[in-house]
Amino acid sequence: MTEKRVRVTSRLGLHARAAANLVRVATQFQSKVTLQRLDGEVQADAKSILSILMLAASRGTELRLVAIGADEEQALLSVADLFARGFDETDQTPVAVRTPITTEVHFKGLGVSEGVVTGRVLRLQDGTRDVYRAEIKEADIVRERLRFRAAVTMSRHQLQAIKNRAEKELGKGHAYIFDAHLLFLEDAKLTRDVETYIVKEHANAEWATKVVGDRLLSIYTQINDEYLRERGSDIEDVIQRLLANLTGEGRTYPKLSEDAVIVAQDLLPSTIAELDLNHVKAVATDAGGWTSHMSIIARGLGLTAVVGLRDFYHNTRTGDEIIVDAERGEVILHPTPETVSKYGLDPSRVSRRHAIATGERGPITTKDGVKINVRANVELPAEFDAVQKFGAVGVGLFRSEFLLSKPGLILPEDEQYIVYRELISAAGEEGAIVRLFDIGGEIDRDASDRPERNPALGLRAIRFDLRHKEIMRAQVRAILRAAATGSLSLVIPMVADVSDVRMAKQVIEEEQQQLAANGIEFSPVKVGAMIEVPSAVLTADRIAREVDFFELGTNDLVQYTLAVDRGNNAVSDWFRTLHPAVLFGIQKTLQAAAAEQVPVIVCGEMASTPAYAVLLLGLGAVDLSMTPALIPRIRNTLPHIDTKEARAIVESCLNCATADEVEEIVRVEFRKRWPDLFPLSALPAETSRQ
Ligand code: PEP
Ligand code: MG
């Protein structure tokens, strides 16, 4: 055994970067090297970064270095030398700026639904299962620890097998990464801490793994050394593997925590669909805009949500207290008791704000007697009841892709059939329109073969369906069979031109023939086209001759007309729904359809925003489809509107050169004509560039 006293002389103490250097040097030797604080008991293994960081040794701390092993002298010399050199840091050495926040902080984002909610953070990675806290009884603690150990063993076997295969197929040089994973898995810092948490907190193994994993990750986010910081994602990987193996046992916990606020960088709609929505209070994400699917679903479910928070996720830890204020578009992390009481929120209560159904049904009649249909957009079976509750004229758009229960997993034909039958009964006699899977783009990255360079312009929607005919055929069959039991139509997503329509219709035709040949009951369906890309707008007259109806998807129409990613908040200033180019596109589509007597349902988010709905009327739309809970506000608005007045305003808007000019006209004209209906807060804000 060799030992030596050293002092931490580096300006920032033994912080992450210095610790990383230390690990690099210590691991070059066989000997065991430990560091011990002279002012206490704490000691650390010099080969474990987690362990070193836990020493919390600031500048001036005195440590005892001990090396034991064959090359102990050399090891001690090298490590002591590193201390003497101040870890090779200059005063300019960049410092990790991110320290975990523990005091109240406000983050600004975009509120995309209603409500104010208080709860506790549950961090979710895309594709991560939902993890809840459950109370484990004293008598079950041992079993819970064993369950965790079994998951560790299973993960180790899996990783060993992956490593062996990688070595064989890619060579040793590429398999080293799995060594790192195995090391993390075996690091007592992880395994011991999880078990301690289970014992102390009487928590289930999943929750304990998540909490400890998050703590480790928050240490790693402070690391300034790129190499080591990247190990953070490896930890995340190992944590996910452990969680998958834990939940893979299929245990369910009847006693769930009910205060989860989901915090994620970006949340796939399929992930939301997977969550136990009874126990999710709110959602807060770094990415996203008003028309991202996550936001659409949150509105549909009446889930309080703030998106576009940019760099929020990394500042949180699972279990942190949080207020999500969708009304103001902000979240408050670690609110003080004063803030909580100012909000008047009972922390144990979900305070979602539910829209009030007016009891009115059927079409709306405008002041000058024009009948306007209001249909429902639905994404999940959980929303079916809302169709009747809010008096919708059937279902104008069923975004069927959210039936994917897991990313990339398509429901079998028979299960789809059951859902479509439920949809038919939810829709009532006005019927429902099922959209063929709009997979790809932001919707479900895992379902496509591999990551695409530019998913929104890639194998999305009908392109994906035509490339994966077996998936498309199963869906078409389920729709045709369900149509025998009620009124059901089908719409083709994101058609670029007539050939997309023809190819899709050919598949439908073939499936009809097949069903008939097999004596299976079915009914032919009306086929529509989603008009949402500029090429479809420009050839709308030709497409109209080949389909029974159009659906105008204004969300994508804005995205593709203006070349602005609808989910990217970095470019949200360029996402201008009232851009004259968008208005032209809508007008051209409506005119082309009218000339061919093809009905058009406008089903983008524009339809549910009262001021925009008035402009749609002015452009000639008479059929709108929207999130059911937003129907009442449209019902409260349109009966007071004279479509001739709306048309006059639209005429001036179409003469504008920019979205700013259009918005100015809308502000001035709406205030002049309908001051009671449109307070300034209901109109595009002067500074807002939504
Ligand atoms: C649209 O694009 O406007 C639309 C209705 O479809 P989605 O939002 O699902 O893309
Ligand atoms: Mg769309």
Side-chain angles (χ1 to χ4, degrees), residues 112-113 268-270 272-273 288-301 307 374-380 383 392 395-404 432-445 447 455-465 489-496 500 528-537 549-568 575-579 582-583 585-586 589-590 600-609 612-613 616 619 621 623-628 630 690:
V112 292
S113 57
L268 289 180
S270 52
I272 305 190
W290 182 261
T291 64
S292 349
H293 283 102
M294 211 291 294
S295 310
I296 292 171
I297 291 186
R299 282 193 290 277
L301 294 168
V307 305
V374 271
R375 304 179 196 249
N377 287 353
V378 285
E379 287 77 36
L380 299 169
E383 297 168 88
V395 172
L397 175 67
F398 178 54
R399 292 177 162 103
S400 64
E401 51 281 356
F402 301 117
L403 287 178
L404 313 186
I433 301 168
V434 179
R435 179 167 75 187
L436 292 182
F437 291 134
D438 188 345
I439 297 172
E442 65 154 342
I443 295 171
D444 197 329
R445 293 171 213 132
L457 305 184
L459 202 61
R460 184 188 157 181
I462 188 58
R463 303 170 189 176
F464 177 94
D465 296 336
S489 309
L490 164 168
V491 67
I492 312 165
M494 217 182 116
V495 301
D500 281 340
M530 293 282 304
I531 304 296
E532 47 189 352
V533 300
S535 60
V537 170
F549 61 94
F550 278 174
E551 297 229 31
L552 235 167
T554 54
N555 304 333
D556 277 317
L557 191 62
V558 177
Q559 155 163 277
Y560 292 120
T561 302
L562 305 179
V564 179
D565 180 345
R566 58 196 264 191
N568 180 352
F575 193 95
R576 306 295 295 271
T577 304
L578 296 191
H579 195 289
V582 174
L583 301 183
I586 296 170
T589 306
L590 289 166
V600 183
I601 301 167
V602 183
C603 59
E605 296 308 286
M606 218 180 152
S608 60
T609 309
Y612 297 172
L616 287 170
L619 285 160
D623 211 328
L624 310 175
S625 194
M626 64 200 72
T627 296
L630 301 182
Q690 192 221 309

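We're numbering straight along the sequence, starting at 1. One-based numbering, in listed order, for ligands and for the atoms of each.
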| query | Can you find an N/O atom of Arg435 closer than 3.5 Å to an N/O atom of ligand 1? | reply | yes
| Taking heavy atoms and a distance under 4.0 Å, where does Arg566 meet ligand 1: side chain, backbone, both or neither? | side chain
| request: Could you see which bit of Arg399 sits under 4.0 Å from ligand 1, with heavy atoms only: side chain, backbone, both or neither? | output: side chain
| Any non-hydrogen atom of Arg460 lying under 4.0 Å from ligand 1? | yes
| said: Under a 4.0 angstrom heavy-atom cut-off, which atoms of ligand 1 come close to Cys603? | reply: 5 (C)
| query | Any idea which atoms of ligand 1 are less than 4.0 Å away from a heavy-atom of Ile296? | reply | 8 (O)
| Heavy atom of Leu552, distance to ligand 1 below 4.0 Å | no
| note | Short version for Leu397: what comes under 4.0 Å of ligand 1, heavy atoms counted, is side chain
| request: Kindly give the heavy-atom pair with the smallest separation between Met530 and Pro493, and that separation in Å. | output: CG-CA, 3.5 Å
| query | Side chain or backbone of Asn377 under 4.0 Å from ligand 1, or both, or neither, by non-hydrogen atoms? | reply | neither
| message | For a salt bridge (Lys or Arg N to Asp or Glu O under 4.0 Å) check, start with the C-alpha distance between Arg299 and Glu605, then their side-chain angles and the critical distance, and finish with the verdict. | response | CA-CA 11 Å; Arg299 282 193 290 277; Glu605 296 308 286; 2.5 Å; yes
| request: Answer whether the closest heavy-atom distance between the side chains of Leu380 and Ile297 falls below 4.5 Å. | output: yes
| note | Answer key: the N, O or S atom of Asp556 nearest to the Mg ion (ligand 2) is OD2
| query | Do Asp565 and Gln559 have side chains that get closer than 4.5 Å, going by heavy atoms? | reply | yes
| query | Taking just the N, O or S atoms of Glu532, which one is nearest to the Mg ion (ligand 2)? | reply | OE1
| query | Can you find a pair of side-chain heavy atoms, one from Leu557 and one from Ile531, that are under 4.5 Å apart? | reply | no
| query | Heavy atoms, side chains only, cut-off 4.5 Å: are Val374 and Met626 in contact? | reply | yes
| query | What are the two closest heavy atoms between Gly289 and Val112, and how far apart are they? | reply | O-CG1, 4.1 Å
| task | State whether the side chain of Tyr560 and the backbone N or O of Ala456 hold a donor-acceptor pair below 3.5 Å, judged by distance alone. | result | yes
| said: Between Asp438 and the Mg ion (ligand 2), is there a contact where an N/O/S atom of the residue lies under 2.8 Å from the metal? | reply: no
| request: Record the part of His293 in heavy-atom contact with ligand 1 below 4.0 Å; permitted values are side chain, backbone, both and neither. | output: side chain
| query | Less than 4.5 Å apart, any side-chain heavy atom of Leu616 and any of Ile586? | reply | yes
| Do Asp556 and ligand 1 have an N or O pair less than 3.5 Å apart? | yes
